[in-house]
Amino acid sequence: MSQFKVIVTDYEYDTFAPEKEVLDKLGIELTFEQCKTEDDVIEKCKDADALISQYAPFTRRVIENLNNCKVISRYGVGFNTIDVEAATEKGIIVGNVTDYCLDEVSDHAMALLLSSVRKITKMNNAVKSGTWDFKVAVPVFRLRGRTLGLVGFGNIPQTVATKAKAFGLNVIAYDPFVSEEVAKEKNVELVSLDELCERSDYLSVHVPLNKHTEGMISHEQFNKMKKEAFIINTARGPIIDEKALIQALQEEKIAGAGLDVLEVEPIDLNNPLLKMDNVLINPHSAFYSVEAEVELKRKTAQNVADVLSGYYPTYLVNKEVKDRVHLKEKE
């Protein structure tokens, strides 16, 4: 019998071979649940030593009812499903995986940008409907020499910047947590959010969702943007105030949007965005590739293996927990 009880709280995966490869070395067998609510997590996971989670809610109430938990490791970059402050107070390490889909998300952001600007989907739909005429896409403006504004300048947007420059785009960014030195290394200018909105021909969103970023792109920001501007979001839906976005599109304050994420997922079939031919919508898929999924699963499990072996994980979200939990640093 396994020394530790490790539960996968919820999942959409068909295989767990990468996780098992990591955890088998410690003789750990996974237990699988499908927890959708707080009560589900409390009932099924209260005595677990470690938890691996996809979407299950880890509110303060849930965390306070976890009696043995040492680590919550989330499948993904974001950790908005976890009350990190409560976890830290409880002495629970929170882990994520920050680098498994850098190419996938940056590629997807560029794909949404290119398809929006070149109006690829609009022309494809017109041709398939019997209209062979490029004029359905007029106007299309040259990409080279225009300005891409990045909301956030962490790992993914830095990768976007490199790819965007290959298309001849100038790149500026807003991120109060990134130094001028880092920006200069990438040949990117750091500006205020207001200036970013005013100068950008295209705006791409790449910040995590938290109480500071929720709704940070709203009426004020859309009012500052160019009428020819497109906005791209491959981060989290609620970062953009969706009502403000819809109004901006309806009033032609901006030219269009490419959205991989929305405030409510799946999208409501009555959402006005579905009827706008200048809006591209994908089903929260930017993270995905076969290779990225394997890497994500392996690294998520490794967070658990590290903690249960007495080490801080490579991907430690709540560094403040070190004041409460004393483990070894990985070399």
Side-chain angles (χ1 to χ4, degrees), residues 6-13 19 33 35-38 40-42 45 48 50-66 69-102 104-105 151-157 175 177-178 205-216 233-239 260-263 265 284 286-288 292-293 295-307 312-325 327:
V6 180
I7 298 175
V8 178
T9 63
D10 60 307
Y11 57 92
E12 294 177 339
Y13 303 120
E19 293 94 328
E33 302 289 353
C35 301
K36 303 299 183 185
T37 67
E38 293 180 27
D40 288 344
V41 181
I42 292 170
C45 307
L51 297 169
I52 294 175
S53 175
Q54 190 166 15
Y55 303 119
F58 284 90
T59 61
R60 178 172 289 275
R61 173 174 170 257
V62 170
I63 287 168
E64 287 175 350
N65 281 279
L66 298 177
C69 188
K70 301 166 184 64
V71 55
I72 301 169
S73 185
R74 185 174 181 276
Y75 288 119
V77 178
F79 44 86
N80 52 289
T81 56
I82 303 171
D83 187 327
V84 176
E85 183 177 341
T88 303
E89 291 173 10
K90 186 83 170 177
I92 296 174
I93 287 172
V94 177
N96 63 345
V97 183
T98 60
D99 57 1
Y100 79 98
C101 59
L102 299 185
E104 284 76 11
V105 178
V151 183
F153 199 57
N155 290 333
I156 290 172
D175 194 325
F177 302 104
V178 169
V205 178
H206 299 281
V207 292
L209 177 62
N210 55 45
K211 61 184 179 181
H212 303 293
T213 62
E214 185 172 358
M216 70 179 291
N233 190 3
T234 53
R236 288 292 185 271
I239 296 164
D260 185 56
V261 288
L262 296 146
E263 278 189 354
E265 298 174 3
H284 201 147
F287 68 92
Y288 176 73
E293 184 173 289
E295 184 179 358
L296 169 65
K297 291 161 74 63
R298 178 172 52 80
K299 289 182 174 180
T300 302
Q302 189 62 52
N303 285 336
V304 169
D306 289 342
V307 175
Y312 293 115
T314 300
Y315 306 96
L316 175 60
V317 172
N318 53 338
K319 293 180 173 58
E320 299 84 358
V321 81
K322 289 184 176 182
D323 294 333
R324 296 175 178 268
V325 180
L327 302 177

Apply side chain to side chain contact (heavy atoms under 4.5 Å, CB included) to residues Tyr288 and Glu104 and explain how you reach the verdict. CA-CA 6 Å; Tyr288 176 73; Glu104 284 76 11; over 6 Å; no
For [Y], is there any backbone N or O sitting under 3.5 Å from a side-chain donor or acceptor partner on [X]?
{"X": "Arg60", "Y": "Glu64", "value": "no"}
{"X": "Arg324", "Y": "Glu89", "value": "yes"}
{"X": "Asn318", "Y": "Ile92", "value": "yes"}
{"X": "Asp10", "Y": "Ala56", "value": "yes"}
{"X": "Asn303", "Y": "Asn96", "value": "yes"}

Between the side chains of Asp40 and Thr37, does any donor sit under 3.5 Å from an acceptor?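 There is such a pair (donor and acceptor under 3.5 Å, judged by atom type) between the side chains of Asp40 and Thr37.
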Polar side chain donor-acceptor pair, Tyr75 to Glu19, under 3.5 angstrom: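 Checked: Tyr75/Glu19 side chains pair up, N/O donor to acceptor below 3.5 Å.
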When rounded to the nearest 0.5 angstrom, what distance separates [atom1] in [X] from [atom2] in [Y]?
{"X": "Ile63", "Y": "Lys90", "atom1": "CD1", "atom2": "NZ", "answer": "9.5 Å"}
{"X": "Glu295", "Y": "Thr300", "atom1": "CD", "atom2": "OG1", "answer": "10.0 Å"}
{"X": "Asn80", "Y": "Phe58", "atom1": "CG", "atom2": "CZ", "answer": "13.0 Å"}
{"X": "Arg236", "Y": "Asp260", "atom1": "CZ", "atom2": "CG", "answer": "9.5 Å"}
{"X": "Glu320", "Y": "Glu85", "atom1": "CD", "atom2": "CD", "answer": "9.5 Å"}
{"X": "Leu316", "Y": "Lys322", "atom1": "CG", "atom2": "NZ", "answer": "6.0 Å"}

Is the shortest heavy-atom distance from the side chain of [X] to the side chain of [Y] under 4.5 Å?
{"X": "Ile42", "Y": "Val62", "answer": "yes"}
{"X": "Ser73", "Y": "Pro313", "answer": "no"}
{"X": "Leu51", "Y": "Leu66", "answer": "yes"}
{"X": "Ile93", "Y": "Lys70", "answer": "no"}
{"X": "Leu296", "Y": "Tyr13", "answer": "yes"}
{"X": "Thr9", "Y": "Gln54", "answer": "no"}

Under the side chain to side chain contact (heavy atoms under 4.5 Å, CB included) criterion, do Asp83 and Thr59 qualify, and how do the steps go? CA-CA 5 Å; Asp83 187 327; Thr59 61; 5.5 Å; no
Which atoms form the tightest heavy-atom contact between [X] and [Y], and what is the distance?
{"X": "Ala48", "Y": "Ile7", "answer": "CB-CD1, 3.8 Å"}
{"X": "Ile239", "Y": "Ala235", "answer": "CD1-CB, 3.8 Å"}
{"X": "Pro238", "Y": "Leu262", "answer": "CD-O, 4.1 Å"}
{"X": "Val304", "Y": "Ala50", "answer": "CG1-CB, 3.7 Å"}

Where does the angle between the aromatic ring planes of Phe287 and Tyr100 fall among parallel (under 30°), tilted (30 to 60°) and perpendicular (over 60°)?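 Aromatic pair Phe287/Tyr100 classed tilted.
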Under 6.0 Å from the ring centre and within 45 degrees of the ring axis: does the NZ or CZ of Lys299 meet both conditions for the six-membered ring of Tyr315?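 No; the conditions do not both hold, so Lys299 does not lie above the ring face of Tyr315.
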